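Residue numbering restarts at 1 for every chain, and letters A, B, ... go by the order of the sequence lines. Source: prediction; values computed, not measured.
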Number of protein chains: 2
Amino acid sequence: MSKKSLKLKKVEVSRARVLDAAAHIFRERGFVGTTMRAIAQDAGIEAGSIYYHFKSKDELIGAVLDFGITALQGSVTNAVDKLPKYATPKERIKTAINAHVSAIVKYGDYTLAMRRVFGQVPSNVWRKHVKLREEYGDFWHNLLANAQKQGGLRKDIDLTIARLFLLGGLNWTVEWFKPKKHSLEQIAESFASLILEGMKSK
Amino acid sequence: MSKKSLKLKKVEVSRARVLDAAAHIFRERGFVGTTMRAIAQDAGIEAGSIYYHFKSKDELIGAVLDFGITALQGSVTNAVDKLPKYATPKERIKTAINAHVSAIVKYGDYTLAMRRVFGQVPSNVWRKHVKLREEYGDFWHNLLANAQKQGGLRKDIDLTIARLFLLGGLNWTVEWFKPKKHSLEQIAESFASLILEGMKSK
DNA sequence: GTCTATAGGGAGATAGAC
DNA sequence: GTCTATCTCCCTATAGAC
């Protein structure tokens, strides 16, 4: 049986359910506040059974963190790569903003888990994970650097500060976004307009 | 003896030391990850003694959260109020950005504690605190609304989205700011330029 | 694969001495 | 005001049955 079969094996389903449950509970209670019992209950099994899939709480949070950033990076790079070659730097940035905001909301449990456990995760786990985060930061840095090189962005802006400011503003969305109150497309559109055009009247 | 005497009574000094220690540890470990024993050690006393000043861990985090947002709001409103009456909307916004960024770094333990314990604090404690946060949000909302009314900001921007985006970007600073690597003034200046003028080349 | 039972370690909070 | 001692509860992780 191929590993890429669409039908997942039982063990893969169980593992995925535990991972989802873990993201959900880590998101609500942070790392230390999360108990294996709470994750187990959310996943519909007993606490002891988690250890068949993950050998410790540390390994579990590591898997949640890595899955979250990987899913986010995959969504965004995929969206940008689909653009035609002649797409302008501004279009690329707008697309990335839209994809980023959509993804952090779509993978809300994972995204918020990442925020909540910041600074609570054992340092050896965090060090491993941080490399993935930096890759994603580099993606954005290159996006902005190319735009600047091609004349789409002001030459006087510090790209590192701009990137951290922009991503800080985008990521905050998960904390206040309510699907019933706002449309994601409109929010992403507003963000792009704010960071590209500024809010000053002309 | 007046309560407003500059010389603090012993009990006030102790209480302040416990509060500072609590902010420091909550910042590092989140709410659930923080132990009363760790706070006590940081404050130079024994765990049992904390209960002379605060009657529970819940009351302690409540005090840290309230002090943090109050200090932040005080710093920012104070800076803006000092501006001359004829200051332009743009100047007011720049001043507020500068004061906000300075304050969140100055009160770093309290600011970061607020971020870390998000979603981990018992809901009755959080509900009380959230009112103070909303007051500060209102302050920013009015600042932007006045600027827009006076023609300093584009009429087509949604002030709520703009405010959440801006504050999200500003608040993220505490996570990456390193005094040896950056100057706070330069960062605040960059933020103001980004949000007001935009990063697109003209 | 998942269960139950439990070992071993800390947690928050209180009481009473000083 | 602060300390020490302690009650009671709940945590992670393991072992062995099914």
Side-chain angles (χ1 to χ4, degrees), chain A residues 1 3 7-26 28-65 113 116-117 120-126, chain B residues 1 3 7-26 28-65 113 116-117 120-126:
Chain A
M1 195 195 238
K3 276 206 171 180
K7 192 171 181 316
L8 296 175
K9 290 189 222 147
K10 186 183 178 191
V11 58
E12 292 168 322
V13 172
S14 295
R15 200 190 127 103
R17 192 154 49 213
V18 170
L19 199 66
D20 272 354
H24 185 210
I25 307 296
F26 281 134
E28 287 185 343
R29 314 192 194 174
F31 179 68
V32 200
T34 290
T35 67
M36 300 300 262
R37 293 182 219 290
I39 295 172
Q41 188 175 27
D42 198 80
I45 58 173
E46 293 300 316
S49 309
I50 294 179
Y51 292 84
Y52 178 80
H53 301 284
F54 300 92
K55 74 172 193 288
S56 69
K57 192 179 171 184
D58 285 6
E59 190 179 294
L60 195 41
I61 186 62
V64 167
L65 292 172
R116 291 282 185 277
V117 305
Q120 293 182 37
V121 176
S123 50
N124 57 325
V125 176
W126 189 254
Chain B
M1 194 195 229
K3 276 205 170 180
K7 192 169 182 314
L8 296 176
K9 292 190 220 144
K10 186 182 177 192
V11 58
E12 292 169 322
V13 171
S14 295
R15 200 190 128 102
R17 192 155 48 213
V18 170
L19 199 65
D20 272 354
H24 185 209
I25 308 295
F26 281 133
E28 287 186 343
R29 313 193 195 175
F31 178 67
V32 198
T34 290
T35 66
M36 299 300 264
R37 288 166 171 80
I39 295 173
Q41 187 174 26
D42 197 81
I45 58 175
E46 292 300 317
S49 309
I50 294 180
Y51 292 85
Y52 178 80
H53 301 283
F54 300 91
K55 74 172 195 287
S56 70
K57 192 180 171 185
D58 285 7
E59 190 179 295
L60 195 41
I61 185 65
V64 167
L65 293 172
R116 290 281 185 275
V117 305
Q120 292 181 39
V121 176
S123 49
N124 57 323
V125 176
W126 189 254

Trainee: 5'-most contact on DNA chain C: A:V11 or B:K55, nearest heavy atom basis?
Mentor: A:V11
Trainee: Can you measure A:I39 atom CD1 to D:dT12 atom P for me and round it to whole angstrom units?
Mentor: 8 Å
Trainee: With the side chain of A:K10 defined as its heavy atoms from C-beta on, choose the nearest nucleotide among C:dT2, C:dT4, D:dT2.
Mentor: C:dT2
Trainee: Whole angstroms only, please: what is the CE-P distance between B:M36 and D:dT8?
Mentor: 20 Å
Trainee: In whole Å, what is the span from the CD1 atom of A:I50 to the P atom of D:dT12?
Mentor: 9 Å
Trainee: Please tell me if A:T35 has a side-chain N or O lying less than 4.0 Å from either OP1 or OP2 of D:dC10.
Mentor: no
Trainee: Examine C:dG1: is either OP1 or OP2 under 4.0 Å from a nitrogen or oxygen in the side chain of A:S49? Give yes or no.
Mentor: no
Trainee: How long is the line joining CD of B:E46 and C1' of D:dA5, in whole Å?
Mentor: 12 Å
Trainee: In whole Å, what is the span from the CZ atom of A:F31 to the P atom of D:dC11?
Mentor: 14 Å
Trainee: Taking only side-chain N and O atoms of A:S56, does any of them lie within less than 4.0 angstrom of OP1 or OP2 on D:dT12?
Mentor: no
Trainee: Grab the CD-C1' distance between B:Q41 and C:dG10 for me, whole Å please.
Mentor: 15 Å
Trainee: When you measure only distances, ignoring hydrogens and angles, does the side chain of B:R37 come within 3.5 Å of the base of C:dG12 through a donor and an acceptor?
Mentor: yes
Trainee: Whole-Å distance between C:dT4 P and A:Y52 OH?
Mentor: 18 Å
